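Small disclaimer: the values here were computed from a predicted structure and weren't measured. So you know, we letter chains A, B, ... as the sequences are listed, proteins then strands, and number each from 1.
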Number of protein chains: 2
Amino acid sequence: MRADAQRNYDLIVTAASEAIARDGAYASLEEIARSAGVGSATLHRHFPTRWSLLQAVFGGCVRNLAARAGDLLAAPDALDALTTWLHEVTAYATTTRGLADSLLNEPAQESDTCGATLVAAGEPLLRRAVDEGSVRPDITMADLMILANGISLAAQPMGAAKAEQLLTLALQGIGSADRRESVDKGS
Amino acid sequence: MRADAQRNYDLIVTAASEAIARDGAYASLEEIARSAGVGSATLHRHFPTRWSLLQAVFGGCVRNLAARAGDLLAAPDALDALTTWLHEVTAYATTTRGLADSLLNEPAQESDTCGATLVAAGEPLLRRAVDEGSVRPDITMADLMILANGISLAAQPMGAAKAEQLLTLALQGIGSADRRESVDKGS
DNA sequence: TACGATACGGGGGACCACCCCATTTCTGCA
DNA sequence: TGCAGAAATGGGGTGGTCCCCCGTATCGTA
């Protein structure tokens, strides 16, 4: 890759991060190019689709979350590790403007997407919890990611606290007949 | 309202229904006006915002769902009635293109929105289930609607079956230690 | 230094939301 | 019935978007 191309690539990603943080995942590409100081054609050459740009912007966050999942594999309680990670993902997706849209609307065909990375990273956490017997075996990580994502997206206007509350609700269920004793542990 | 204005109003809503069913909630307003046979200015005069148009399009469905909630108040099992209704809402929102977006992105300030109507309609169902003791009392109908909506939105690409599965999951929780005996009732 | 490959960006086409205002259409009243 | 004025209409303009073509400038190498 030529030096100037690399330079422009970085300029675009930086400008896109700011614009997306301000305006969401559908920020104007034209304006991103403008504020990066490059022509719009350059932006489209580096990132043929909007999602390729979003992927570049959020790749770092996603890798961090994936690494965090690896760390949590060492935690003593498997169920706790899983729920903790899901909460962190949800909080991040709710707080970071554009991330939830980005994860949800990325084309499902692609294999190297942010969503796929997170699912792969969370899979061991889920498997461990299932093996331990604390999570139903018919649940898949993909299901949980869709759930977390949907909650992030739908609760975005209400803020991260609401999103986390709803995630807790979804993980515990709505029933009252047999509330787990661990319910009150968190707060 | 003048007769021709009413006529155009209806033409626009009809055309919008088709366009939104085909292209989603962000269908081109220009094309809706074109296929309705009116000028785009007429569309904008009748519906100043995109959400006002969506509200007109989906008002009927929403009223049906609200009425259905009223009917279910007569069902014997309160928890069953609540979950049945939530499933119907989710199925409808997942199947009907644009409805989920419409419910989620409508401005929260307005009072007469589709979302508020559904929340109000579901409230008695929830209250009955809480009074019966089968649902935790700290849950609000607004929370459940956000949950159902988020699931509809996130699972849309996978189809209504996936959405309903995820709703079941969210209502029951992920735990396996104390699975309700009613789990196997549905299927 | 000179050359070929590579990247750049101005500008244009197609589309969109939204608005102004001259014109047409309707309706209540005589 | 006929008419005046209110009400609704829609063509066309503005400013914005995405996306792409292609002549030009820049880079890396020999």
_For the student: nearest non-hydrogen atoms of B:V119 and B:M141, plus distance_ = O-CG, 3.4 Å
*Please state whether the base of C:dT27 and the side chain of B:R2 form at least one donor-acceptor pair under 3.5 Å?*
no
*Phosphate oxygens OP1/OP2 of D:dT9: is one of them under 4.0 Å from a side-chain N or O of B:H46?*
yes
*Mind calculating the distance between CZ (B:R45) and P (C:dC19) to the nearest angstrom?*
12 Å
*A:S28 vs D:dC18: side-chain N/O to OP1/OP2 distance below 4.0 Å*: yes
*Side-chain donor-acceptor pair present, B:Q172, A:R136, cut-off under 3.5 Å*: yes
*OP1 or OP2 of C:dC16 less than 4.0 angstrom from a side-chain nitrogen or oxygen of B:R34, does that happen here?*
yes
_Atom-pair distance (CH2 on B:W51; P on C:dC18), nearest Å_ = 11 Å
*Atom CZ of B:R7 and atom P of C:dT25: how far apart are they, to the nearest Å?*
11 Å
*Within the pair B:N8 and D:dT9, is there a side-chain N or O less than 4.0 Å away from OP1 or OP2?*
yes
*At under 4.0 Å, does any side-chain N or O of B:H44 touch on OP1 or OP2 of C:dC18?*
yes
*Given C:dT27, D:dG10, C:dA17, which nucleotide is nearest the side-chain atoms of B:E30?*
C:dA17
_Side-chain H-bond candidate by donor/acceptor type, A:N105 with A:Y26, under 3.5 Å_ = yes
_Given D:dT9, C:dG9, D:dG12, identify the nucleotide with an atom nearest to the side chain of B:S40._
D:dG12
_Please determine whether a side-chain nitrogen or oxygen atom of A:T42 lies at a distance below 4.0 Å from atom OP1 or OP2 of C:dA7._
no
*asked:* Starting the side chain at C-beta, find the nucleotide from C:dA17, C:dG9, D:dG10 nearest to B:R50.
replied: C:dA17
*If you check the A:A3 side chain, which of C:dC20, D:dC18, D:dG28 turns out closest?*
D:dG28
